[in-house]
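Encoded as structure tokens, the structure appears first; notes follow it.
Not measured: the values here are computed from a predicted model.
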2 protein chains.
Amino acid sequence: MTYQEGTIDSAFAALADPTRRAVFEAVIAEAQPVGMLASNFTVSRPAISQHLKVLSDAGLVDRQRVGTRNIYFARREGLQALRDYLNGFWDQALASYETGLDKWLKENKA
Amino acid sequence: MTYQEGTIDSAFAALADPTRRAVFEAVIAEAQPVGMLASNFTVSRPAISQHLKVLSDAGLVDRQRVGTRNIYFARREGLQALRDYLNGFWDQALASYETGLDKWLKENKA
DNA sequence: ACTTACGGTAAGGTATGACTTACCAAGAAG
DNA sequence: CTTCTTGGTAAGTCATACCTTACCGTAAGT
């Protein structure tokens, strides 16, 4: 496997929350400081900060300080890991025409 | 957008739990009845049943009754929706060389 | 220096989620 | 018809997740 299990775990968990996924989408659309992000959501700024930490720990975003501001931006490698993971399943799912229901029925006299 | 938000939501949430993702992987590898799945996990059979319900509601698996058995198998459409979603982001992330950190720095005299 | 802007972290409340055991319905088998 | 197998569901426990307010440190502006 080319990915780290821990990374995939945290990436899925990070994107599972709708609010946090929306934050991620906003960061992908445009690199932004925390306050600018928070102004587009109904939840408080600390909540956004916490979401950004989760996304950061999952390797999906990174940041750079500029004065007192923290500019968050997307990490392509994070998305890539998820894509690779799902593509692997996709290949297997395509191949599993013969590991699917039909195969089970055939092998179990049903 | 070609996908349903609700579907993506539930799919990410479904795959966020490590145990449930392992169940999903097992179902992808081979269609199986519930008991056979449960025998490969340390958690109880009802727990597996509940995980399968979540996966089913997320459109990632489906089932077919054979006698008293319920054979679960993977739904390719479920995986496809996730792939499409991530690929959309990927395209955007590739294009965002100019919506990334550099752009923000440029536009904000920093 | 003082004040304001920005944002990370702590503490705590509340909801959700994953798991357990107990129970029940339905089909297969004797 | 009775018995065993299979598996879905209910009820309850316990941990985790998300949010809030309060607080603090740091940099910028006047």
Could you tell me the separation between the CZ atom of Phe12(B) and the C1' atom of dT16(C), rounded to a whole number of Å?
-> 20 Å
Residue pair Trp90(A) / Arg76(B): nearest heavy atoms and the distance that separates them | CZ3-O, 3.4 Å
Distance test, side-chain N/O of Thr68(B) to OP1/OP2 of dT5(D), below 4.0 Å = no
Identify which nucleotide among dC19(C), dG7(D), dG8(C) has an atom closest to any side-chain atom of Gln50(B), counting heavy atoms from C-beta outward.
-> dC19(C)
Under the side chain to side chain contact (heavy atoms under 4.5 Å, CB included) criterion, do Leu79(A) and Ile28(A) qualify, and how do the steps go?
-> CA-CA 11 Å; Leu79(A) 268 178; Ile28(A) 284 187; 4.0 Å; yes
Which residue, Gly67(A) or Val43(A), contacts DNA chain D at a nucleotide closer to its 5' end, judged by nearest heavy atom?
-> Val43(A)
Return the value, rounded to whole Å, for the distance between atom CZ of Arg65(B) and atom C1' of dG8(D).
-> 9 Å
Assess whether salt bridge (Lys or Arg N to Asp or Glu O under 4.0 Å) is satisfied between Arg21(B) and Asp17(B), documenting all intermediate values.
-> CA-CA 6 Å; Arg21(B) 205 169 61 250; Asp17(B) 181 73; over 6 Å; no
Could you tell me whether Pro46(B) contacts a base, only the sugar-phosphate backbone, or nothing, with contacts defined as non-hydrogen atoms closer than 4.0 Å?
-> base
Should Ile71(A) and Met36(A) be regarded as members of a common hydrophobic cluster, given that ILVMFWY residues are connected when their side-chain heavy atoms come within less than 4.5 Å of each other, either directly or indirectly?
-> yes
N/O donor-acceptor pair, side chain Arg45(B) with base dG8(D), under 3.5 angstrom | yes
Base, sugar-phosphate, or nothing for Tyr72(A), non-hydrogen atoms under 4.0 angstrom?
-> sugar-phosphate
Within the structure shown, what part of the strands sits under 4.0 Å from Arg20(A) by heavy-atom distance: base, sugar-phosphate, or nothing?
-> sugar-phosphate
Give the rounded distance in Å between these two atoms: NE2 of His51(B) and P of dG8(D).
-> 14 Å
